[in-house]
There are 6 protein chains.
Amino acid sequence: MSPPATSLLVMTRADGRSDDELRQITITRNWLDHAAGSVLVEFGRTRVLCAASASEGVPRWRKGSGLGWVTAEYAMLPASTNTRSDRESVKGRIGGRTHEISRLIGRSLRAVVDYQALGENTIQLDCDVLQADGGTRTAAITGAYVALADAVAHLRSTGALKGEPLTGSVAAVSVGIIDGVPRLDLPYEEDVRAETDMNIVMTGDGKFIEVQGTAEGAAFDRAELDALLALGEKGCADLTRLQQNALGVSVVE
Amino acid sequence: MSPPATSLLVMTRADGRSDDELRQITITRNWLDHAAGSVLVEFGRTRVLCAASASEGVPRWRKGSGLGWVTAEYAMLPASTNTRSDRESVKGRIGGRTHEISRLIGRSLRAVVDYQALGENTIQLDCDVLQADGGTRTAAITGAYVALADAVAHLRSTGALKGEPLTGSVAAVSVGIIDGVPRLDLPYEEDVRAETDMNIVMTGDGKFIEVQGTAEGAAFDRAELDALLALGEKGCADLTRLQQNALGVSVVE
Amino acid sequence: MSPPATSLLVMTRADGRSDDELRQITITRNWLDHAAGSVLVEFGRTRVLCAASASEGVPRWRKGSGLGWVTAEYAMLPASTNTRSDRESVKGRIGGRTHEISRLIGRSLRAVVDYQALGENTIQLDCDVLQADGGTRTAAITGAYVALADAVAHLRSTGALKGEPLTGSVAAVSVGIIDGVPRLDLPYEEDVRAETDMNIVMTGDGKFIEVQGTAEGAAFDRAELDALLALGEKGCADLTRLQQNALGVSVVE
Amino acid sequence: MSPPATSLLVMTRADGRSDDELRQITITRNWLDHAAGSVLVEFGRTRVLCAASASEGVPRWRKGSGLGWVTAEYAMLPASTNTRSDRESVKGRIGGRTHEISRLIGRSLRAVVDYQALGENTIQLDCDVLQADGGTRTAAITGAYVALADAVAHLRSTGALKGEPLTGSVAAVSVGIIDGVPRLDLPYEEDVRAETDMNIVMTGDGKFIEVQGTAEGAAFDRAELDALLALGEKGCADLTRLQQNALGVSVVE
Amino acid sequence: MSPPATSLLVMTRADGRSDDELRQITITRNWLDHAAGSVLVEFGRTRVLCAASASEGVPRWRKGSGLGWVTAEYAMLPASTNTRSDRESVKGRIGGRTHEISRLIGRSLRAVVDYQALGENTIQLDCDVLQADGGTRTAAITGAYVALADAVAHLRSTGALKGEPLTGSVAAVSVGIIDGVPRLDLPYEEDVRAETDMNIVMTGDGKFIEVQGTAEGAAFDRAELDALLALGEKGCADLTRLQQNALGVSVVE
Amino acid sequence: MSPPATSLLVMTRADGRSDDELRQITITRNWLDHAAGSVLVEFGRTRVLCAASASEGVPRWRKGSGLGWVTAEYAMLPASTNTRSDRESVKGRIGGRTHEISRLIGRSLRAVVDYQALGENTIQLDCDVLQADGGTRTAAITGAYVALADAVAHLRSTGALKGEPLTGSVAAVSVGIIDGVPRLDLPYEEDVRAETDMNIVMTGDGKFIEVQGTAEGAAFDRAELDALLALGEKGCADLTRLQQNALGVSVVE
């Protein structure tokens, strides 16, 4: 499966990236007029609209606790995929994959939230995939963090909270093994060919929030796992820098 | 923007438009990479993504008829409105308003489709409101027509059809009576204050496809109805020109 | 499309009516023993049972406002149509058409309700189609108004309200263009052949509450629209008289 | 609560019936124009519309068997009860009671159907309660049998079947113990007070199809059970005669 | 229909039981660690897990009444039947049969509950069929009573109630006529062949709570009904003894 | 938070296990009579019934491919948890967690299935949690593999397949960090206290199928991740031996 030595240069990816390189990442803040925070995030052709709606109060089971709440919902527009997929509202049920990703996004963001500092406010993240080309969940997490940061700033500006409810930043990226080679940030055409597929969510200071690796074809060994983790660490660090730039945070490296 | 004290005639609208003037209209074609046709249409701050997915074959009840089919679905993203609205997929049901608008869009487009010429192909229009500021259904129809025209051109280019399945164009606009004054293309803040609210869908050659007028406050008389119809005719004619420009059609007036 | 002069007599409708004539209309009050108001309304073979249930209190979002509420639900019995239709309760979903008509009936009645005078009472209209032969929604509105009037009288008799919450009466009729000829109050066999189909809801004093016109075949021009509006005005005026007779109101014309 | 000895004769029921007497029973055939058979059946104030829709063919699991199928659905209109009940189509679910009664009606009718003679035809019974005053399920079965007989005659008249698919007739009645006294055909006000409540479904020749007895208060002993069964046999025999009269069958007793 | 004298020995049942004999009955208490009461009940190969969960408080409609509540839910595991059945949670709807049996179990248990003595506590019975071989509903009732008794004892031990909320015991058994012979406690292979099928629920002191007889094939006459009732009385008395043994109650006969 | 040196021996777990020790594992095959394979698997007090139903044929989208299919559903009985949880069939929706675990089990088993060798047969795994005390998904996977192996053997014995569709075995275990200490196979009381929680699914020959790690409290660093992976490898190896023993496979180590 390894290429003959003479063709090494040809082994680049379809879009010309090196194996540990992210796609073109674009983070556009304030894409909507109403939401407390809103970001159109693009990982290559993957395009996700992340909106953070802030409201006073918390769900019933949390009332009077003095603690805030952050939650997330993920969905794909029907025409976002190569062949149109049916609308979940029309089917009357949310599919397992949608549920799973919504829960992942929520958990990932909550890992950097100090509920005490948030106070009894709720921030609801909506991540709607406008166009899907692989890595929608990791783009969603990466964009949602920026929308969340904007929503928190908005709440602070209105006096709804005082301190800093964010204890760090969050970014996420997919990695996978394609034709035996570990690669970063898979577009759809690589994703479907990957033997192993992993999504990694990390804090801005390099700790893991989620590690989800799946053998799509053959099971993977510990060496392959280690290679994927290293790639993921690299990708999340790159994304963290891009998030900070977008937010206008000066970063000391 | 506030009128001089002496000038009742200067009772212009919050956004400075005259009563028979459309908001800033933008029609961006090919907003998506996958769909056969896709349009981001903007009526002021109202922003609707209209995607046309084409597929060979027709629903079961139509098989073997030689006739095509065109259908539409409308939905709003949760954060598209002033205060976030719950996701219909999560509620497990499509609300009455959503149903009603989806049906209206489908009927409106089908009014200019020659099923025979379309052949046994199906075109599915998805109109997803990214941001809502009044007039989402009329923006959706206006944009969906352009996406439909692109999808038809796409089908022709792939040889899936030969003739011209579109017998005309379709545009739609809202009109209403605010403080006794008939106005064209209402943004949200006018819409909620309107005594009478009417949506008008017309062909490019000035015939009516749908007329839906509703007394929100007091019932309206025939003279008011006539005034609204005239405004609607004017607005649809303007929108038709903008659609033709977007499609690069040379129009002889 | 116009018939040769010699065949004019043959051009009458299948049921012998003239083009601007209603079908046989029957309004039977107090058809049920329990409901505050109940009417079996018949437009020819179309038969709709309209029941008005009155209850103290209003929905949660309206509590403490001092204002009442009126709402409506429409449904068809499975065997009401030519070929049996599936039961929506069994399908687990209300179809778009049902939703749309329920909303139309509710809006139409609310147009003549003074919520202040109604006080914090709720009147729920149930319009169940026992037999369908075209015009079920207009029969439902016409009958529901009478049931509503009876329910209001009932509430007054029990002391639940004092003033007059009804600011007028409401009637509705369908009109359409069949073979180029505008006709009033279409039965099913005309409805399916109509090029244009319009439902008109008016107050007893001749103002419009709803105008919903749809091109089923070709789009319609302004002259056709005007002809349909005139027919609708005539039909609603006739229905208003029949409602007043049924209610024993003396009408000065 | 026990009456003075001298007034025993006064112990009649609120509506003056003797304990083993049916309410006023009315069976109106052909109440609808479309259905193959349709009956408005009244047990006192209980009013159920029973419609039998016939269609060629059978459900998929029965295709090619040469056997027919009979099925039933029961539902209550929202305003049929003393206080309005929510519409099951709006709730999106059929309640347990509705399911249970639909199944009972279907089983009861199928007990007298010869599927071979019916051939691959389906008859669907819809029993919709227009007004409920106790005994709706037994009224439904009793009326549905007559509608079924009419539908069978209709199928025979159209040549869709030849022989006699009905092997007998079916009638049903409720019985109960109120204040220690067994009574026939309970209206709502007796039903809610009954210690024991039993529904009995029988063939026209006096055999049992269903016996469903429930202790609402205290459990009942064998003597009480026997008394209820005897009352039920009497009531079903009376109803059988009324069905035969309605169908114009001459009965030799 | 009776066999010739010489073949009497051959007429025994597939499992060698006499016609009025129960299958092997096993009642295992405390099968779960968490529930207030839990019983694995086995009627031959039919295996039902009955769990009683106790909680303080009652449903909203009963609050402040001083009365308790007992309710039940029945379900079958997908693989409990001969051929796997679909999961109702996946179908998104509870079937009619499930609803019906859940209601039957709840009613049966409530017949021996003194709500006043129970106080404002709720006991929820869950009866999950792990393996089905006929008679699952009667096994469920029989086992659920024992779990209920344990839950009541648990509530008493925690001081949540003082008196005795159980006014008696409950057992249930199925009976049927197979090849003309009445038989007790039918396994699946007899159940499907039964002409008449009856479920009988009785109190420990020999009174009836529920009698549900259904003609699966031909209708049954009064003599057959009497024979089935007698068999059911015998079977319930046997089950009552087994319940008391399981509960360690000394029974004086 | 680390204990003083002298008390190290006292730091054992509530159940006395060492940190890298599994709970008492029990694998009972053939727990049901009908299913092609069935296993009651116990990880301490966690008890999951895993049933494998085999059927000829595959889902529609796979017909004619010559390939088989394996799928799984997971569910919890209402009384399996400390406080009763609502039944998903009654709620009418499957929750996100249930969906997620069902998908995980299916993917894990499919990783060792050779579809070609399975032929057009479907095996459906049902994993129903009878009692939950942490680690239900890992117990389910571990037990489901054994049920799957039995179902495959069953299919081979009936001639439905010939070769060996299983390319290896699958086991799963949870690991977590509690009070800074990595531990294997967490019961509920450890699970709720875990800062990091990881589920690891591996093949019998020591490769990874799934790695799902989640920071419940603070994010975790690479060293912690490595420690958890090592623990998981150890646990899966132990479980593999227990599976092979249960299946009577002689294992050469």
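Computed from heavy atoms alone, side chains included, the values below leave out hydrogens, waters and symmetry copies. Throughout, a chain's letter reflects where its sequence line sits, starting with A, and its residues are numbered from 1.
- Within the 4.5 angstrom heavy-atom criterion, no atom of S38(B) approaches chain A.
- If you measure heavy-atom distances from T81(A) to chain B, the contacts under 4.5 Å come from the backbone alone.
- Among T98(B), L130(B), T83(B), the residue with the largest count of heavy-atom pairs under 4.5 Å with chain A is L130(B).
- Within the 4.5 Å cutoff, side-chain heavy atoms of R87(B) are placed close to those of D128(A).
- Shown here is Y188(B), whose OH atom has no more than 12 heavy atoms of other residues, nucleotides or ligands within 6.0 Å.
- Looking only at heavy-atom pairs under 4.5 Å with chain B, the residue among Q131(A), K91(A), E88(A), R45(A) that has the most is Q131(A).
- Contact annotation: the side chain of D86(B) never approaches that of E73(A) to less than 4.5 Å [non-hydrogen atoms, C-beta and beyond].
- Checked options D126(A), L32(A), L77(A); the residue passing with L77(B) is L77(A) (criterion: side chain to side chain contact (heavy atoms under 4.5 Å, CB included)).
- In E56(A), the CD atom is not crowded: 12 or fewer heavy atoms of neighbouring residues, nucleotides or ligands sit closer than 6.0 Å.
- Contact of S80(B) with chain A is made through the backbone alone, with heavy-atom distances under 4.5 Å.
- Looking at A132(B), only its backbone comes within 4.5 Å of chain A, counting heavy atoms on both sides.
- The two residues R47(A) and D33(B) make their nearest non-hydrogen contact at NH2-OD2, 4.2 Å.
- Each of A75(A), S89(A), A79(A) has some count of heavy-atom pairs under 4.5 Å with chain B, and the biggest count is that of S89(A).
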